[in-house]
**Q** 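Let me begin by handing over the structure; questions about it come next.
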There are 2 protein chains.
Amino acid sequence: MTGTKTRILDTALDLFNRHGERNVTTNHIAEALGISPGNLYYHFRNKTAIVAALFERYRQQIWEWLPPPRGELTWQDKMHYLQGILESMWQGRFLHRDLPHFLHQDPELRAEYTRFVQDGMERGLHIYQGLRASGLIEASDEDLRALMVNTWVLAMSWPGLTHGLNPAAAENESLDRALLRQGIYQIVCLEAPYLRGEALDHLDAMKAEFRVGDSTENLLFTAFDASVREASNG
Amino acid sequence: MTGTKTRILDTALDLFNRHGERNVTTNHIAEALGISPGNLYYHFRNKTAIVAALFERYRQQIWEWLPPPRGELTWQDKMHYLQGILESMWQGRFLHRDLPHFLHQDPELRAEYTRFVQDGMERGLHIYQGLRASGLIEASDEDLRALMVNTWVLAMSWPGLTHGLNPAAAENESLDRALLRQGIYQIVCLEAPYLRGEALDHLDAMKAEFRVGDSTENLLFTAFDASVREASNG
DNA sequence: GGATTTTTAGAGTAATTACTCTAGAGGTCA
DNA sequence: TGACCTCTAGAGTAATTACTCTAAAAATCC
């Protein structure tokens with residue numbers, strides 16, 4: 001029997017992801033959960049507190065998926081990190097779309113979020129440096145930093161962009177997953193010019209694994225169409 | 001004497017950019033403009049119509065700044081396009097943060113937006129192909145498509161991300177401009193691995209022009225701090 | 001088993017906000 | 001001048017929604 005507090009967060013996250021935080025009232029959450037509004041406010045003093053708690057949860061999960069590297073990194077480590085990014089994007093897909101509003105109003109939350117971005121950049125940079133130390137990547141310090149920023153922006157923005165264009169994904173998990181895989185493909189292409197050695201050998205296989213749709217047509221949108229077909233067939 | 005309709009859009013855009021669309025009511029717009037709510041609703045049947053009109057305006061401006069290439073492209077053309085992207089980001093900074101909500105509710109607007117993204121990708125791809133034809137870029141078709149998608153995502157997401165972290169930018173134009181320049185720097189770094197010939201010769205100068213802050217520290221955040229200092233000094 | 005604390009229900013409210021409605025001002029044209 | 005059309009004012013409203021308050025049920029403790 002999980003606690004009410006946890007169940008509130010679970011339900012809120014689900015509703016936020018599906019309908020967007022702005023379209024989900026606290027009464028909706030309570031109703032979906034079968035509890036009273038009063039009960040909900042007993043556990044969270046306001047809606048912002050729910051969002052903040054969800055963010056905190058999200059942050060912890062990311063840190064689990066993306067542990068700081070220990071020593072040299074292998075090709076398998078790199079694949080594992082990519083998987084971690086994929087999972088992180090999946091979990092946080094609502095946050096990066098709706099969080100800005102709360103950052104605007106809640107300085108404390110904003111400070112935490114800023115810290116989160118800083119830590120994420122630092123951690124990601126260490127990973128890239130680990131890959132460089134293993135000879136899997138070749139790049140100057142400056143290029144590595146720029147690459148890290150671009151990877152971060154892409155990973156954080158991709159879910160929001162794709163959902164804006166394709167809201168059906170919110171109700172269709174397999175379509176949603178396909179879109180995210182496409183996001184990983186984009187990250188792979190982002191890193192591609194810097195890969196060396198074993199990483200370079202596996203590049204084509206990696207692209208093939210995450211590529212969605214027919215590469216001869218418009219990339220982004222055939223990906224969507226193909227995903228829709230695939231999802232409605234399955 | 002500009003028309004009331006235009007003035008409503010101007011004021012709405014300004015308020016949306018500064019405070020976020022969600023925090024700006026139609027009554028606020030009317031009041032800031034010195035007209036009555038009834039008057040506002042005489043010109044726009046609802047808030048969505050205002051947002052849609054702003055989007056339409058934004059789209060037209062982008063197309064002006066990013067005309068389709070005619071024949072071979074020079075190095076100067078490329079710089080001009082970068083400038084166009086910068087201006088587009090500046091103009092549309094509120095849209096990509098707040099538009100998703102309206103896309104969710106208004107299928108017609110969503111269709112238009114989808115079309116916009118498609119056109120933008122296509123147009124951008126033509127530009128990249130023009131650069132390739134001139135020997136300024138070297139990349140496979142697939143790589144070029146992936147690059148285009150990444151450039152698009154970066155250009156569209158950058159303003160929202162930076163404003164989420166640094167809301168002071170909304171009230172401080174020079175800080176905001178600095179953040180945008182940093183975004184262009186990121187795009188330059190994105191394209192860097194594919195540059196050839198004259199483009200490659202100018203790469204360092206280009207990075208130097210758009211780089212913000214001290215490259216030996218954390219890129220993203222020293223950029224912010226440096227901008228804050230610069231803005232408060234000037 | 002009584003006292004105390006934690007958790008829950010559910011009716012209610014104050015505030016916000018997108019939007020309406022009516023009436024009238026101002027311009028234009030015959 | 002009068003008819004007509006465009007534009008504007010401004011009070012008002014219906015609906016939403018985050019949040020409160022009181023009391024009772026449930027759990028915990030001694």
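Reckoned from all heavy atoms, side chains included, excluding hydrogens, waters and symmetry mates. Reminder, nothing fancy here: chain letters follow the sequence lines and each chain counts from 1.
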**Q** Please determine if a side-chain N or O atom of B:Y41 lies less than 4.0 Å away from the OP1 or OP2 oxygen of C:dC19.
**A** yes
**Q** CZ of A:F102 versus P of D:dA18: gap in Å, rounded?
**A** 9 Å
**Q** B:E31 has an atom CD; how far is it from atom P of D:dA11, in whole Å?
**A**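 Whole-Å distance recorded here is 13 Å.
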**Q** Figure out the CZ/C1' separation between B:R7 and D:dT8, and round it to whole Å.
**A** 11 Å
**Q** What is the distance from CZ of A:R22 to C1' of D:dT17, rounded to the nearest Å?
**A** 13 Å
**Q** In whole angstroms, how far is the P atom of C:dT7 from the CG atom of A:L40?
**A**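 Roughly 14 Å, once rounded to whole Å.
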**Q** Measure the distance from NE2 on A:H101 to C1' on D:dT17 and round it to the nearest whole Å.
**A** 13 Å
**Q** When you measure from the side-chain N and O atoms of A:T4 to the phosphate of C:dT8, is any distance below 4.0 Å, counting only OP1 and OP2?
**A**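 Yes.
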**Q** Return the 5'-most residue of the pair A:N39, B:G38 with respect to DNA chain D, ranking by each residue's nearest nucleotide.
**A** B:G38
**Q** Please determine whether the number of non-hydrogen atoms from other residues, nucleotides or ligands lying under 6.0 Å from atom CZ of B:R18 exceeds 12.
**A**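 Yes, the 6.0 Å shell around CZ holds more than 12 heavy atoms from other groups.
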**Q** Tell me the interatomic distance from A:K5, atom NZ, to C:dT8, atom C1', rounded to whole angstroms.
**A**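 So the two atoms are 16 Å apart, to the nearest Å.
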**Q** Please state whether the phosphate of D:dA18, meaning OP1 or OP2, lies under 4.0 angstrom from any side-chain nitrogen or oxygen of A:N46.
**A**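 No, no such contact exists.
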**Q** Would A:R93 count as a cation-pi partner of A:W90, with NZ or CZ less than 6.0 Å from the six-membered ring centre and within 45° of the ring normal?
**A** yes
**Q** Please determine, for the side chain of B:P37, which listed nucleotide (C:dC19, C:dA11, C:dT17) has the closest atom?
**A**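 In terms of side-chain proximity for B:P37, the closest of C:dC19, C:dA11, C:dT17 is C:dC19.
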**Q** Can you find a side chain N or O atom of A:T26 that sits less than 4.0 Å from OP1 or OP2 on D:dA18?
**A** yes
**Q** Got more than 12 heavy atoms from elsewhere within 6.0 Å of CD, A:E171?
**A** yes
**Q** Can you tell me how far P of C:dT8 sits from CZ of A:F44, to the nearest Å?
**A**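 Going from CZ in A:F44 over to P in C:dT8 covers 12 Å.
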**Q** Would you indicate, yes or no, if D:dA9 has its OP1 or OP2 atom less than 4.0 angstrom from a side-chain nitrogen or oxygen of B:S36?
**A** yes
**Q** Of the nucleotides C:dA18, C:dT7, D:dC19, which has the atom closest to the A:N27 side chain?
**A** D:dC19
**Q** Hey, does the side chain of B:H43 come within less than 4.0 Å of D:dT8's phosphate (OP1/OP2), counting only N and O?
**A**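 Looking at the OP1 and OP2 atoms of D:dT8, one of them is under 4.0 Å from a side-chain N or O of B:H43.
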**Q** Apply side-chain contact (heavy atoms from CB on, under 4.5 Å) to the pair A:M79 and A:E209, showing each step before the final yes or no.
**A** CA-CA 11 Å; A:M79 286 300 289; A:E209 180 172 345; 4.0 Å; yes
**Q** Can you see if the side chain of B:Y42 gets near the phosphate of D:dC7 - specifically, an N or O under 4.0 Å from OP1 or OP2?
**A**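 So the side chain of B:Y42 is within the cut-off, an N or O lying under 4.0 Å from OP1 or OP2 of D:dC7.
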**Q** Please check if the distance between the ring centroids of B:F116 and B:W63 is under 6.0 Å.
**A**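 Between B:W63 and B:F116, which both carry aromatic rings, the centre distance is below 6.0 Å.
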